[in-house]
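What follows is a short report on a single structure.
Each chain gets a letter, A, B and so on, in the order the sequences are listed, and its residues count up from 1. Heavy-atom basis, side chains included; hydrogens, waters and symmetry copies ignored.
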2 protein chains.
Amino acid sequence: MKEKECCCPKKRILAAAISLFAQKGFAAVGVREIAAEAGVNIAMISYYYDGKIGILKEILEEFFNRYMQVFEGIDDENKTPEACVRGLIHNIVQFVRENTELAMVSYNELPLDLPEIAELKAKRITAVIQRISPLVVRMGFDPTDVFMIAVVGPSLISAIFTNFRLRPVMKQVFPFKFDDAYYERYTETIATLFLHGIKGLAEERKQKRRRVK
Amino acid sequence: MKEKECCCPKKRILAAAISLFAQKGFAAVGVREIAAEAGVNIAMISYYYDGKIGILKEILEEFFNRYMQVFEGIDDENKTPEACVRGLIHNIVQFVRENTELAMVSYNELPLDLPEIAELKAKRITAVIQRISPLVVRMGFDPTDVFMIAVVGPSLISAIFTNFRLRPVMKQVFPFKFDDAYYERYTETIATLFLHGIKGLAEERKQKRRRVK
DNA sequence: AGACTTGACAAACGTTTGTTTAAATTTTAT
DNA sequence: ATAAAATTTAAACAAACGTTTGTCAAGTCT
């Protein structure tokens with residue numbers, strides 16, 4: 001009964017579920033635990049949502065809807081592709097920082113086989129990849145070469161998400177303060193890492209194409 | 001009852017558990033399901049292992065023990081640091097390819113709060129990071145700068161693991177054949193991506209140090 | 001004022017969870 | 001051949017699971 005006085009029961013249930021799912025994983029959390037954390041009766045979970053699985057669906061929907069906003073301005077022709085990548089990285093870091101638990105639940109449940117959410121996942125992931133593709137092309141890759149899209153994009157995203165995913169363990173090992181300064185440097189580092197990497201890849205591709213000619 | 005005739009019950013239980021945990025996650029799998037998949041009686045799980053959680057511990061131990069082998073030759077002074085990084089990437093890709101389910105179970109349970117395996121995780125992760133550190137230094141980073149070690153290493157590892165983690169979803173979206181040719185190109189791509197990225201980072205660091213002087 | 005809707009609750013539903021017991025069976029050693 | 005040890009089994013355990021039920025109070029509308 002921690003969040004009793006914050007807002008309406010429905011929102012409290014969602015907030016409690018997000019927090020617990022992020023910590024222990026969807027399958028490891030019971031409805032009683034959610035109800036207790038939200039400070040509501042157990043019955044309210046099936047009353048407001050389509051049961052426990054209904055909460056997860058709501059969480060995934062909410063995540064994807066907010067997440068798509070990080071691609072805002074990704075295909076701005078006035079900016080250089082490099083600037084677009086930098087902007088994207090900045091947006092993703094900021095997004096995950098502001099929605100850490102929501103992002104962790106979604107990211108952690110992504111590879112697990114849960115038939116009830118299989119469709120939802122596939123649809124949204126396809127949407128994300130299609131949203132990134134134009135930028136990948138602008139960065140100098142062959143538009144028909146799906147390999148690059150399927151490798152570079154996910155690598156970048158996973159690198160950022162994993163940084164937050166390993167946060168609990170990292171806090172035990174490294175003496176960081178995760179403040180504004182940290183995130184500024186982190187964003188800069190990831191941007192440099194991937195921009196140089198992508199540039200290296202694009203050059204290598206070009207050379208191979210020349211060799212074929 | 002799928003693996004009845006393969007080997008001894010103890011190994012069948014472990015194999016079944018690895019497969020099911022990788023697919024659904026540890027918490028979502030019951031002992032009955034494991035027993036059925038292994039073709040043994042339910043009681044055999046508590047007989048051979050310390051219950052369900054005992055199987056997970058065994059899996060994590062097995063994973064880490066095998067995983068540490070990918071760092072073989074990581075600090076070979078006869079090779080250039082670039083060659084060491086390439087070798088490491090090659091080893092990790094090959095390792096995850098050969099131990100996909102084992103790796104997925106371990107990787108997926110890593111961020112989840114499970115008190116019974118908290119110690120084990122922290123110890124092994126520390127060991128992995130310490131094993132990488134010398135190479136990070138050789139690649140041109142400040143040995144006292146834990147930030148770089150905590151960012152670049154995990155990014156590389158997560159990029160590779162995520163490639164396998166998203167395999168089920170990717171198979172729905174991209175028409176790949178995951179054969180030897182794919183992995184050869186994949187290894188090459190990741191190596192180029194990170195080697196150029198790391199080089200870019202190292203140069204940027206040097207320039208900043210010069211500016212301070 | 002009387003009929004109706006809504007929000008919240010305790011209680012109990014039937015099922016499934018992981019584990020344990022004790023008996024039965026097979027294997028091993030004497 | 002016989003006793004001891006190891007293996008396997010079915011059955012039962014309490015506890016926890018997610019969901020549904022029926023009830024009651026407060027608010028809304030006619």
Side-chain angles (χ1 to χ4, degrees), chain A residues 1-60 105 109 112-118 120, chain B residues 1-60 105 109 112-118 120:
Chain A
M1 298 194 221
K2 292 183 178 179
E3 325 197 15
K4 189 132 202 165
E5 59 288 324
C6 99
C7 47
C8 71
K10 190 174 181 183
K11 288 183 183 176
R12 287 213 308 272
I13 291 172
L14 194 69
I18 291 173
S19 176
L20 288 169
F21 290 168
Q23 207 180 115
K24 308 182 174 187
F26 172 75
V29 178
V31 284
R32 274 156 247 269
E33 200 176 354
I34 300 172
E37 174 84 10
V40 301
N41 188 276
I42 319 168
M44 307 268 71
I45 286 170
S46 287
Y47 179 77
Y48 282 116
Y49 298 92
D50 187 17
K52 188 184 144 183
I53 188 73
I55 302 183
L56 182 61
K57 286 183 186 172
E58 189 83 7
I59 290 174
L60 293 181
V105 176
E109 296 301 326
L112 302 185
D113 183 30
L114 231 171
E116 293 94 331
I117 59 165
L120 203 160
Chain B
M1 300 191 220
K2 292 182 177 180
E3 323 197 17
K4 189 135 200 164
E5 59 288 327
C6 98
C7 45
C8 72
K10 190 173 180 184
K11 288 184 184 176
R12 287 213 308 272
I13 291 172
L14 194 69
I18 290 173
S19 177
L20 288 169
F21 290 167
Q23 208 181 112
K24 308 183 174 186
F26 172 74
V29 178
V31 284
R32 274 157 247 268
E33 199 176 355
I34 299 173
E37 174 83 11
V40 302
N41 188 278
I42 320 168
M44 314 264 21
I45 286 170
S46 287
Y47 180 75
Y48 282 116
Y49 298 92
D50 186 17
K52 188 184 147 184
I53 189 71
I55 302 182
L56 183 60
K57 285 183 188 174
E58 190 82 8
I59 290 175
L60 293 181
V105 176
E109 297 301 327
L112 303 186
D113 182 30
L114 232 170
E116 293 94 333
I117 59 165
L120 203 160

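- Applying the side chain to side chain contact (heavy atoms under 4.5 Å, CB included) test to L112(A) and every residue at least two apart in sequence or in another chain returns E109(A), N108(B).
- Minimum interatomic distance between P9(B) and V40(B) (heavy atoms only, all atoms of both residues): CB-CG1, 4.0 Å.
- Between the C1' atom of dT6(C) and the CG atom of N41(A) lies a distance of 16 Å, rounded to the nearest Å.
- When the P atom of dT19(C) is taken as reference, atom CD1 of I13(B) falls 12 Å away, rounded to whole Å.
- The stretch residues 44-58 of chain B touches DNA chain D through M44(B), Y47(B), Y48(B), each having a heavy atom within less than 4.0 Å of the strand.
- Pairs passing the side-chain hydrogen bond (donor to acceptor under 3.5 Å, both in side chains) check and including a residue from residues 22-32 of chain B, sequence neighbours excluded, read K24(B)-E33(B).
- Looking at residues two or more places apart in sequence or on another chain, you find a side chain to side chain contact (heavy atoms under 4.5 Å, CB included) between N41(B) and A43(B), M44(B).
- Across the interface with DNA chain D, nearest-nucleotide mapping of A28(A) and A43(A) shows A28(A) to be the residue nearer the 5′ end.
- One can place NZ of K24(B) at 13 Å from P of dT16(C), the figure rounded to the nearest angstrom.
- Among residues at least two apart or in separate chains, ring pair (Phe, Tyr, Trp, His ring centres under 6.0 Å) pairs with a member in residues 23-49 of chain B are F21(B)-F26(B).
- Between I53(B) and D50(B), the shortest heavy-atom contact is CG2-O, 3.6 Å.
- When the C1' atoms of four end pairs are superposed on the next four at each end of the helix from dA1(C)-dT30(D) to dT30(C)-dA1(D), using five pairs per end, the two resulting axes differ in direction by 10°, to 10°.
- Distance I42(A) CD1 to dT20(D) P: 14 Å, rounded to the nearest Å.
- Using a distance-only test at 3.5 Å, with no hydrogens or angles considered, a donor-acceptor pair links the side chain of K52(B) to the main chain of V29(B).
- With rounding to whole Å, K10(A) atom NZ is found 16 Å from dA8(C) atom C1'.
- Taking both residues in full, the closest heavy atoms of V105(A) and A22(A) are given as CG2-N, 3.4 Å, listed atom of the first, atom of the second, then distance.
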